[in-house]
Amino acid sequence: MLSSIGYPILLATDGIGYYQEKGQPKKILRKGDVIKCPPNIKHWHGASVDSYFVQVAITNTQNGAPVWLEAVTDIEYTQVQTNK
């Protein structure tokens, strides 16, 4: 998971991925999708279980660098797969 001070923007360029803010349903990301990550909100993003995912993450560090928190657990990731 990631908490960010720098307002990252994610650009999905290929494959299928997920984006999820803590306590919210997952969003499925496909080529061309753009996500503006709210500041100081825990979230994670990555590939779906059955597809690769290519993304570009852009972060403005003027107000501070992103702060990486704990990794997404296998259980959290598996729960996302069943919550389509």
Side-chain angles (χ1 to χ4, degrees):
M1 291 189 171
L2 170 75
S3 175
S4 180
I5 299 169
Y7 306 85
I9 298 171
L10 306 175
L11 309 172
T13 61
D14 208 357
I16 299 173
Y18 298 135
Y19 169 82
Q20 185 176 36
E21 294 174 3
K22 186 171 184 169
Q24 299 297 316
K26 75 177 178 199
K27 294 180 181 179
I28 297 174
L29 303 178
R30 293 180 175 84
K31 184 177 182 176
D33 288 341
V34 177
I35 296 288
K36 295 179 183 176
C37 305
N40 300 314
I41 299 295
K42 288 176 88 173
H43 69 275
W44 69 272
H45 44 93
S48 68
V49 71
D50 55 0
S51 176
Y52 64 93
F53 181 58
V54 181
Q55 64 183 350
V56 175
I58 302 167
T59 303
N60 176 352
T61 58
Q62 182 177 3
N63 295 322
V67 178
W68 295 94
L69 302 175
E70 69 276 1
V72 176
T73 67
D74 290 342
I75 292 170
E76 290 170 316
Y77 185 76
T78 301
Q79 287 174 344
V80 169
Q81 302 307 317
T82 59
N83 178 21
K84 297 185 180 196

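Numbering of residues begins at 1 and proceeds along the displayed sequence. Everything quoted here is computed from the prediction, not taken from an experiment.
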Separation between OH (Y77) and CD (Q20), nearest 0.5 Å, reads 11.5 Å

Note: E76 and A71 closest approach over all heavy atoms is OE1-O, 4.1 Å

Same cluster or not: are V72 and I75 linked, directly or through other Ile, Leu, Val, Met, Phe, Trp or Tyr residues, by side-chain heavy atoms under 4.5 angstrom apart? no

Q: Let me see the working for K42 and E70 under salt bridge (Lys or Arg N to Asp or Glu O under 4.0 Å), right down to the final yes or no.
A: CA-CA 10 Å; K42 288 176 88 173; E70 69 276 1; 2.9 Å; yes

Interatomic distance, CD@Q55 vs NZ@K31, rounded to 0.5 Å, equals 15.5 Å

- [ ] Check whether any side-chain N or O of T13 sits under 3.5 Å from a backbone N or O of V54 as a donor-acceptor pair, and report yes or no.
- [x] yes

D33 and I28 have their tightest heavy-atom pair at OD2-O, 3.7 Å

Tracing side-chain contacts under 4.5 Å among Ile, Leu, Val, Met, Phe, Trp and Tyr outward from Y19 reaches L10, L29, I35, F53

dist I16:CD1 -> D50:CG (nearest 0.5 Å) comes out at 6.5 Å

Rounded to the nearest 0.5 angstrom, the CD-OG1 distance for Q79 and T73 is 7.0 Å

